[in-house]
Amino acid sequence: MFFVIVCLLFFILIYYTHYYVIQQRKFSLLLNNATEISTGSEDEGQMFAKMFFSSDGAIENDTMLVVANISDETCLEEIPNTPGFVRVKRTKDLPHIGRYVDGMRIKQIISDNLRERAVDLNMMCTGMVMVISPSLDQAAIRIRQYPDLDLEHFELKVRMMQTISEAYNSSYHLWKGVLRDIYNDVTQKAHENRNFFNSDMEMDSEPTPYVSSSLLCICVYPAFGIPLPRDVAEKAECLLKFYELVKSLVFSLPSFKSFCEKQRHPFEEHSDLDRVPCVCLDFDPHVLNWFLERHKMNSQRINNDSQCKVYLVAKSQSKSLRTARSEFRYSFSIVEKHLAINRRPMEKLLNSLARKFYYKIIRRIEINEKYLKSYFVKTSILWLCELNDIEQMVSHTVDDPISTKVILLELWINFVSNSMKKRYCSHYFVKTFNLLQDYDTELLDTIDQELILVNVNQFLGSISYEKRMLYNSINIHDKLVAELQCEFESNPKLAAKIFKTFQKTVVKVFYEEDCLEKCDLSKFEHEMKELLCLLVIIERTNRNLWHEWKKLFIDFHRNDLSLLRTTTTPRPSELALHMRESVFSFGLYSYLMLKNIGLLETFNLALKEKIAKRN
């Protein structure tokens with residue numbers, strides 16, 4: 001009898017394992033035709049607020065991955081006492097558990113596929129790509145990119161790329177053209193984002209993900225077999241000469257020592273790429289009725305029905321594992337995206353100020369590892385734009401930018417404070433859902449108290465983007481510059497000696513004689529501190545990295561090609577930034593270049609073999 005039971009259990013296990021594998025293969029094939037839709041702050045504006053003003057400095061990119069469509073609301077089943085959540089009845093195309101679609105299984109299959117792709121990406125990017133395991137209470141599958149610079153293999157990758165450039169035997173103009181195309185593709189969306197989502201009042205100071213000039217493209221030339229232009233090479237060499245003379249001072253700074261001791265990535269920032277599997281509803285679910293009724297009564301902010309698409313994402317609030325796997329939440333991301341696109345200038349400015357305030361002040365408040373989620377900020381802006389004529393409110397201060405910002409920020413702060421006091425903020429789409437219902441009273445009270453203490457004018461003075469050009473190291477960079485300044489103030493003789501060396505080594509190479517007579521020397525002091533702190537970031541684990549970079553980039557020459565001087569006139573710190581970014585961005589450029597010429601797989605295989613031989 002025991003043997004029969006064991007055999008029966010064995011055959012059941014074999015059956016379900018086979019069924020499970022078939023189901024996974026079937027769904028994996030569907031993924032090849034899945035539609036990707038960009039959402040989140042990258043499309044709604046202010047994607048850099050988190051990077052520049054939060055404590056962790058992460059930058060986010062959100063994409064919805066449409067894996068299926070549902071055309072009939074009868075396929076959905078409401079979950080009692082859980083507004084905004086449903087189950088999807090079993091369909092032939094999606095993994096299921098019992099009578100319902102298994103949302104967790106969908107995330108697991110996609111996560112496995114992303115991990116397979118991340119292996120090759122790890123071989124190419126100067127950084128680490130980690131696919132975080134999906135969870136029941138998170139709709140997104142997070143791909144986290146740590147720019148921890150695989151400097152151990154950086155030299156090998158560059159030399160291999162230079163060899164390919166020579167072996168490929170293509171003209172300089174082809175390689176340069178491909179690099180320019182890649183650069184334009186990478187920067188185009190950033191500039192569209194900048195121009196589209198920021199108000200005129202902030203347009204001149206808002207950053208883009210990549211610098212606007214093509215100097216980065218020029219600095220990465222030697223990695224692809226193109227020598228640096230003569231003037232860029234001369235200026236880069238003088239920067240490294242000065243840096244080598246002074247870098248021991250920066251190495252001694254407390255922040256740099258602490259920075260080097262950390263086990264995590266060398267830059268304190270990372271990129272979070274959230275991939276959200278979703279099911280598209282090809283009808284207007286009844287949950288949307290409340291919004292549509294208000295929308296008809298208020299100003300028309302949605303242009304057509306396609307902008308009102310609602311989706312389902314796999315996310316659970318249940319504590320039961322079996323029921324949690326089949327729970328889905330309504331997602332209104334596409335509606336929110338188009339509401340943001342159609343905002344007027346002062347509404348965009350309101351969003352800008354609110355998100356900066358949130359990441360700089362509110363997000364840092366944690367009680368028992370709980371914090372107010374950023375979706376509250378999005379919802380608050382949606383309500384304020386619907387309930388107020390923002391343009392009219394500041395029409396009398398249109399010529400006074402500071403007063404305009406004060407009025408808008410105080411409007412938002414008052415909304416937040418009232419919400420904290422009432423412990424209530426209605427979801428913008430789900431009528432009976434209170435966004436604050438699951439937060440502890442202590443957290444909400446702490447946030448409210450912090451709002452009372454805020455000096456709005458002082459805060460506005462602290463969020464200038466003037467110096468926020470240092471992508472991928474903004475947090476550690478600010479600390480290093482401040483400590484270097486303290487070091488100079490405590491030892492003025494040393495500071496004077498270093499500055500004199502800077503003038504002889506760098507300033508005379510970068511600036512014309514007549515320009516030096518007119519310039520304020522304090523600006524040069526600032527440039528000196530900036531470039532030192534920019535360059536030292538790279539040498540966290542390899543104190544000779546810039547010496548190696550000089551051999552790979554500055555000393556790279558070709559007998560058949562020599563570039564003329566450029567018309568670029570970068571500041572010392574600007575060139576230092578691009579030199580550093582030539583290391584940081586090499587992985588992306590090489591990946592796109594090899595993909596463009598059809599040699600990506602060949603390069604990866606050769607690279608793996610060489611790394612294996614080294615080890």
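- In this structure the side chain of T602 never reaches within 4.5 angstrom of the side chain of L594, judged on heavy atoms.
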- Would you please test I554 and L240 for side-chain contact (heavy atoms from CB on, under 4.5 Å) and show each step? CA-CA 10 Å; I554 296 177; L240 293 184; 3.9 Å; yes
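- The distance from the CD atom of E530 to the CG atom of L484 is 10.0 Å, given to the nearest 0.5 Å.
- Salt-bridge formation is detected for the pair E244/K247: a Lys NZ or Arg NE/NH1/NH2 atom is positioned less than 4.0 Å from an Asp or Glu carboxylate oxygen.
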- Message: Before you tell me yes or no, could you show the steps for F459 and I361 under side-chain contact (heavy atoms from CB on, under 4.5 Å), namely the whole-Å CA-CA distance, both residues' side-chain angles and the distance that decides it to 0.1 Å?
- Response: CA-CA 10 Å; F459 169 79; I361 295 178; 3.9 Å; yes
- Item | Pair K479-E483, salt bridge (charged side-chain N to carboxylate O under 4.0 Å, His left out): steps then yes or no | CA-CA 6 Å; K479 295 174 187 176; E483 289 181 4; over 6 Å; no
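- Looking only at atom types and distance, the side chain of S352 has no donor-acceptor partner in the side chain of K348 under 3.5 Å away.
- The heavy-atom pair separating L239 from P572 by the smallest distance is CD1-O, 3.6 Å.
- Under a 4.0 Å N-O distance rule, the pair R230/E234 does not qualify as a salt bridge.
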- Task: Evaluate the criterion side-chain hydrogen bond (donor to acceptor under 3.5 Å, both in side chains) for residue pair S248 and R543; output intermediate values, then yes/no.
- Result: CA-CA 10 Å; S248 59; R543 301 295 169 89; over 6 Å; no
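- A 4.5 Å side-chain heavy-atom check between R115 and S133 finds at least one atom pair inside the cut-off.
- Not less than 6.0 angstrom separates the ring centroid of F502 from the ring centroid of F524.
- One distance of note links CD1 of I164 with CZ of F603; it measures 5.5 Å at 0.5 Å rounding.
- With values rounded to the nearest 0.5 angstrom, N604 atom CG is found 6.0 Å from K608 atom NZ.
- When all heavy atoms are compared, the tightest approach of L532 to F242 is CD2-CE2, 3.8 Å.
- Taking CD of E548 as the reference point, atom CZ of F154 lies at 9.0 Å (rounded to 0.5 Å).
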- Task: Verify side-chain contact (heavy atoms from CB on, under 4.5 Å) between F586 and M161, making sure each step is shown before the conclusion.
- Result: CA-CA 10 Å; F586 168 71; M161 198 71 226; 4.2 Å; yes
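- Within the 4.5 Å cutoff, the side chain of R571 has no heavy atoms near those of the L531 side chain.
- Side chain of W546 to main chain of L535: a donor-acceptor pair is present (N/O by atom type, distance under 3.5 Å, no hydrogens or angles).
- R275 contributes no side-chain N or O that, together with a main-chain N or O of A140, makes up a donor-acceptor pair within less than 3.5 Å.
- Between the side chains of E539 and Y243, at least one donor N or O sits under 3.5 Å from an acceptor N or O.
- The backbone N or O of D555 sits nowhere less than 3.5 Å from a side-chain atom of K550 that would complete a donor-acceptor pair.
- Taking CG of L460 as the reference point, atom NZ of K356 lies at 10.0 Å (rounded to 0.5 Å).
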- Task: Before giving the answer on side-chain hydrogen bond (donor to acceptor under 3.5 Å, both in side chains), spell out for K529 and Q485 the whole-Å C-alpha distance, their side-chain angles and the decisive distance to 0.1 Å.
- Result: CA-CA 8 Å; K529 289 179 288 188; Q485 177 62 29; 2.3 Å; yes
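- Using a 4.5 Å heavy-atom cutoff, the side chains of F488 and L249 are in contact.
- A heavy-atom distance below 4.5 Å is found between the side chains of L156 and M160.
- With S490 contributing its side chain and C486 its backbone, the two residues share a donor-acceptor pair below 3.5 Å.
- A donor-acceptor contact shorter than 3.5 Å is absent between the side chain of N544 and the backbone of H547.
- From K378, atom NZ reaches atom CG of N351 across 9.5 Å, with rounding to the nearest 0.5 Å.
- The residue from V276, I334, L65, T63 that alone fulfils the side-chain contact (heavy atoms from CB on, under 4.5 Å) condition with I37 is I334.
- Counting only heavy atoms from C-beta outward, the side chains of H578 and E574 approach each other to under 4.5 Å.
- When all heavy atoms are compared, the tightest approach of M64 to C278 is CE-SG, 3.6 Å.
- Considering only heavy atoms from C-beta on, F556 stays 4.5 Å or farther from L228 through its side chain.
- A cation-pi arrangement is present between K235 and F510 under the rule of less than 6.0 angstrom and at most 45 degrees off the ring axis.
- A distance-only check finds no donor-acceptor pair linking the side chain of Q162 to the backbone of F224 [under 3.5 Å].
- Summarising the geometry of S582 relative to C219, their closest heavy-atom pair is CB-O, 3.8 Å, with the distance given to 0.1 Å.
- Heavy atoms only, all atoms of each residue included: A576 and L534 are closest at CB-CD1, 4.2 Å.
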- Task: For side-chain contact (heavy atoms from CB on, under 4.5 Å), just list the numbers for V220 and I226, CA-CA rounded to whole Å, side-chain angles, deciding distance to a tenth of an Å, and then say yes or no.
- Result: CA-CA 9 Å; V220 84; I226 303 173; over 6 Å; no
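- Under the side-chain contact (heavy atoms from CB on, under 4.5 Å) test applied with R142, the options I132, L114, L273 reduce to a single match, I132.
- Looking at R159 and T163, their side chains never bring a donor and an acceptor atom within 3.5 Å of each other.
- Residue V536 comes nearest to F251 through the heavy atom pair CG2-CE2, 3.3 Å, listed as atom of the first residue, atom of the second, then distance.
- Between the side chain of Y358 and the main chain of S374, a donor-acceptor pair closer than 3.5 Å is present.
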